[in-house]
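To start, the structure under review is shown below, and the notes come after it.
The figures here come from the full heavy-atom set of this structure, side chains too, leaving out hydrogens, waters and symmetry mates. Order of the sequence lines fixes the chain letters, A, B, ..., with proteins taken first and strands second; residue numbering starts at 1 for each chain.
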Amino acid sequence: MGIRFILMVNKQGQTRLAQYYEWLTLEERRALEGEIVRKCLARNEQQCSFVEHRNYKIVYRRYASLFFLVGVDNDENELAILEFIHLLVETMDRHFGNVCELDIMFHLEKAHFMLEEMVMNGSIVETSKANILSPIQLMEKAS
Amino acid sequence: MSGSSLMDSLFQRSLEDLIKGLRQQLIGEQAFISKALEEICKEIKSTDLSTKATALLKLSHLSNLHFHGMSFAAFHALEVLSSPRFSHKKIAYHAISLSFHDSTPVLLLITNHLRKDLNSTNEFEVSLSLQCLSRIANVDLARDLTPEVFTLLSSNKLYVRKRAVAVVLRVFEKYPDSVRVCFKRLVENLENSDPQILSAVVGVFSELACKDPRSYLPLAPEFYKILVDSRNNWISIKVLKIFSKLAPLEPRLAKRVVEPICDLLRNTGAKSLLFECIRTVVTSLSEYESAVRLAVGKVREFLVDEDPNLKYLGLQALRIVAEKHLWVVSENKEVVIKSLSDADPNIKIESLRLVMAMVSGHNVSEISRVLVNYAMKSDPVFCNEILGSILSTCSRNFYEIVVDFDWYVLLLGEMSRIPHCQMGEEIENQLIDIGLRVKDVRPELVRVARDLLIDPALLGNSFLHSVLSASAWASGEYVEFSRNPLELMEALLQPRTSLLPPSIRAIYIQSAFKVLVFCLHTCFVRGGSIVPSASMDNFPAGVSASASHESFDEISVENSADATVVHGQTHASAPITKASIVNLLNLVELALGPLLGSNDVEVQERARNLLGFVDLTKPEVLNSSVQEKEDSEGKGVETSKIIKLMCDAFSKELGPVSLSAQGKVSLPDGLMLKENLVDLEMICGDIKPPSSYSFSFGSPYEEEKDWLSFSNLHIKEDSEQSNESTSLLAEHRKRHGLYYLPSGKSELISNDYPPAKDPTLQGDINDNTDDLVEITEESLNPKRKPNHGKPRPVVKLDEVDEKPVAMKQPEPRDDSLSSAVRDVLFGSEDIPPTSSRSNLSNNPSSKRKGKEKQHTDPRVESRENVIDRNSSSRRSKDRSHGKERRYRSPKKKNAEERKNTDQKEKEKRHRDHGRHKSRQRAEEPLKVPAQTSVIPDFLL
């Protein structure tokens, strides 16, 4: 599985994007997000970006007011996931121009689409910004 | 209708409106959302596809971020999916991949949509549907769409091909037979030079290899090439993951990869890759000293880095090394200990785990000392983390590492005094456990308990109440080791005990009872002066009772100082005088009097017991104290009788009760615990999944091995366990027999085999009563029989009488996945080793394939396609050979196959020298399990 889920959460703990690679019911999701957000948002900048949760790990990173949280299996490479988060942010930056919470709110499905370009089935399939964005740009041109 | 839909679409809120409205929150979020949902419900029924699509988009948004179910819209999503417009399709796919799951009812209807889009010429449509398939595929979808995925695996559009590769993982998982179709092409993609494809395909293999590494050993050469050639860190990381799974299986492979990995370790600038190298070395290549040293050097760099992330990972890596190379941890001891006071709780916990990994018999006291000091300084959460891990480490395996129990009991006492300590219950358990198990520690235990009991401050801390309860119990139970019972008594009855919860208070009172009886006994029965335990054993515990409380400590110090002398001059030390006894009795009456009206029955009852005893003895004690000695022989006899009686009652030693103690109790006659077992099996035969590790009734031969070893154990509890749940079923069946289908075959089978006497079975239950033997035999034998009987036909007849039940279980599926992979990689028939396993899981699938032939022609074509591809290689030859051989007896078959593989190897050596090395490596694992192939023979 590798990556189990990707969350974007703002400082207030509101979910701004949620992508799960295994099926969870709404209740399970709500509980999970609540627990994770509580755990991760309480941590400060000087602490490391990895949190153990249940039987997997959460790798998170904060960008301005947004937290990017990625739930991964235990043998996943944490540093690679951090790089992945950074890549995601850079990609969004390139598309939206200095991405902010509002961009993601108003273009949620686009953000999902980018993620889908990058991750399939819980494993990272694409790491080139140009490759990730070209379909989106094409589609925007078309519509 | 059309008018209303026009109105709808004209005035429909767009997603953007919805989000803006949510942000403004004029009427509150919940109210706004429910209003929006109402609108959506209306709009989604619209006949206009754009309206529908927008509604669906809004719904997906609400579902994704605000946890609103969208299962009601499943069918509408399909409707939108059928739209010719790409933008609609996109919305529909988005909604579907967010909301569909295995039990979505309309999942059946999506197959054709997906197929259509998979065959589309628009690569983005193809990609969308692949993406969707990777999220929602179930067995049916995976099976039905395998041909399409197979075609796309060699698509010349990279964009599509990459996604097809990624989706294969899910398809394999859900429908293992697809491996036979797709695996070749997947492997071909490994040789692709495009990083996009390579990244996807390596990702798939790293996931596959996680589940069953052995099957992928033959691909090691390909992976090795990627490892050496790759310039992409993402790909290298994934390949390293694969090798960390493969290397432990094949020493020669480990030898080959260790150099390239060390090169990477030395040269890479990327921390993520570096860390992956480190992890690979410490987990899988730990025999290679130089590699480990290199990795450990890098770990040290991580440890001293400013970045908390690296520090954390460094500690984690150390923990992995510690399993095999403890010296590494000791080398980095300072850093680890220093990290105990890091600002990050995660780092602290990680270093704590490391410290605990270092603990052994000879350093446990030293480490515990350090840790307790840290615990006193740190925050409550971490403090308890420390205490918890000390407790669990020391108590591991019946206090394996504790040598000096006096020390440990002292440590427990000390730990419970740490202000943040919340581990009271665990400490309580251990104190009592140690008291019961370790005789020599009891004097020290009583001393520690006394120290805890007499401290009135501790009574205020509710986390310590359970520790106090253990202390009270210990000091009552082992009062003979006490230096000063009178003092104990006062501690047990002190006014602040009112702070305790009633259940613990009751223990206090009971302990006070024991202490009192002990005092009276020593005073009267043993004749005034006391040498409590000193007379029983060598332990010098001169009890000195004194009215002056202030000198307690002095006395105990004195006692221990002249311990050796005490024995001789016990009469010199102050005895428990009658006066002090009278004081004691008064104290009891004073303290417990109010408790007679206690709300808690337990407290009330114990108080009454104790007071009753005091009432009984007090007059006589007073009497005898007045009359002094001359009369005591006549009058005191009755008192001493009572006292002696009570003393005897308390003197019986309590022992620890083992978990399996229940098993030692013999069954009373007439109690038929297992009588209805026989009926149960018939029912369970067709219900129980064959893969369960308890006794299996359905006779899956894949478990033959497990079962054989298991049957030797024949643990009684197990059979009981498996029966309990099924007995309910049986009852239900009895009562509602009407509604059950007639259970045909399996019932007959189990009846076919009358219970036979089995010598091995009897051996196990020899020591029980005859009744028990009969009962257990009855209940166990029918179980044995089908297991014996059934596998035979299958081993012989291969695929005649086999139910495809296994396919529905998740575990067998994994098995069949790997067996399918093996089939493709090795050629199915030339593997003697796993024949028992792989044949097994092949059967249902091959059966199913027969069915498919009728339905879907393209599949068959594609399958033959694969075989055609192979025909150039040696494998197809073997395949046809295999088919001829299929119906021979397995014994012969195995022998022949072994020969065959040997032959083949020779052939191969002649054929291609270039690939010689790698193939040999590939062939290697076959030989290892070859020995296990004996098992089917043995069964015959």
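If you measure heavy-atom distances from B:Glu306 to chain A, you find no contacts under 4.5 Å at all. In this structure, chain B has no heavy atom under 4.5 Å from any part of A:Val9. Of the two parts of B:Val202, neither the backbone nor the side chain holds a non-hydrogen atom closer than 4.5 Å to a non-hydrogen atom of chain A. At a 4.5 Å heavy-atom cutoff, the contact between A:Ile124 and chain B is made by backbone and side-chain atoms alike. Contact of A:Leu102 with chain B is made through the side chain alone, with heavy-atom distances under 4.5 Å. If you measure heavy-atom distances from A:Phe113 to chain B, the contacts under 4.5 Å come from the side chain alone. For B:Ser97, the part lying under 4.5 angstrom from a heavy atom of chain A is the side chain only.
A:Gln47 approaches B:Ala343 most closely through the heavy-atom pair NE2-O, 3.3 Å. Considering every non-hydrogen atom in both B:Ser272 and A:Ala80, the closest pair reads CB-N, 3.6 Å. Considering all non-hydrogen atoms of both residues, B:Arg163 and A:Met120 come closest at O-CE, 3.5 Å. Taking both residues in full, the closest heavy atoms of A:Arg29 and B:Asn64 are given as NH2-O, 2.8 Å, listed atom of the first, atom of the second, then distance.
By the 30° and 60° cut-offs, the orientation of the rings of A:Phe50 relative to B:Tyr312 is tilted.
Of the inter-residue distances, the one linking B:Cys132 atom SG with A:Glu116 atom CD reads 9.0 Å to the nearest 0.5 angstrom. One finds the CD atom of B:Glu276 at 8.0 Å from the CD atom of A:Glu76 (value rounded to the nearest 0.5 Å). Distance CG/A:Leu79 to CG/B:Leu273: 10.5 Å, rounded to 0.5 Å. One finds the CD1 atom of A:Ile136 at 10.0 Å from the CZ atom of B:Phe124 (value rounded to the nearest 0.5 Å). Atoms CD and OG, on A:Glu117 and B:Ser127 in that order, are 5.5 Å from each other to the nearest 0.5 Å.
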Assess the residue pair A:Glu22 and B:Arg135 against the criterion (salt bridge (Lys or Arg N to Asp or Glu O under 4.0 Å)); give the C-alpha distance rounded to whole Å, side-chain angles, the decisive distance to 0.1 Å, and a yes or no.
CA-CA 8 Å; A:Glu22 58 192 338; B:Arg135 302 287 294 279; over 6 Å; no

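Between B:Tyr159 and A:Asn131 there is no side-chain heavy-atom pair separated by less than 4.5 Å. Between A:Ser128 and B:Gln196 the shortest side-chain heavy-atom distance does not fall below 4.5 Å. At a threshold of 4.5 Å between non-hydrogen side-chain atoms, the residues B:Leu15 and A:His107 do not count as touching. When side chains are defined from C-beta on, A:Glu78 counts as touching B:Phe275, because their heavy atoms get closer than 4.5 Å. No side-chain heavy atom of A:Glu109 sits under 4.5 Å from any side-chain heavy atom of B:His61. Proximity of A:Trp23 to B:Phe100: side-chain heavy atoms (C-beta onward) are nowhere separated by under 4.5 Å. Taking the side chain as every heavy atom from C-beta outward, B:Arg170 and A:Tyr21 never approach each other to under 4.5 Å.
In terms of heavy-atom pairs under 4.5 angstrom with chain B, the leader among A:Leu26, A:Val51, A:Leu82 is A:Leu26. Of the listed residues B:Gln316, B:Gln131, B:Lys162, the one with more heavy-atom pairs under 4.5 angstrom with chain A than any other is B:Gln131. In terms of heavy-atom pairs under 4.5 angstrom with chain B, the leader among A:Gln14, A:Glu83, A:Glu27 is A:Glu83. Ranked by heavy-atom pairs shorter than 4.5 Å toward chain B, the options A:Ile81, A:Thr127, A:Thr15 are led by A:Thr127. Taking chain A as the reference chain and counting heavy-atom pairs below 4.5 Å, the highest number among B:Glu123, B:Lys20, B:Arg23 is found for B:Arg23.
The contact list for residues 36-46 of chain A toward chain B, using heavy atoms and a distance under 4.5 Å, reads A:Arg43, A:Gln46 by residue number.
Surrounding NZ of A:Lys11 are at most 12 heavy atoms belonging to other residues, nucleotides or ligands under 6.0 Å away. Within a 6.0 Å sphere centred on NZ of B:Lys271, heavy atoms belonging to other residues, nucleotides or ligands number 12 at most.
Looking at A:Glu140 and B:Lys90, no side-chain N of the basic residue comes within less than 4.0 Å of a carboxylate O on the acidic one, giving no salt bridge.
When atom types are taken as modelled, the side chain of B:Asn309 and the backbone of A:Cys48 share no donor-acceptor pair closer than 3.5 angstrom.
Residues B:Ser134 and A:Asn121 bring no donor and acceptor atom of their side chains to less than 3.5 Å of each other.
Exactly one residue among B:Lys238, B:Lys241, B:Lys245, B:Arg279 makes a salt bridge (charged side-chain N to carboxylate O under 4.0 Å, His left out) with A:Asp75. That residue is B:Lys245.
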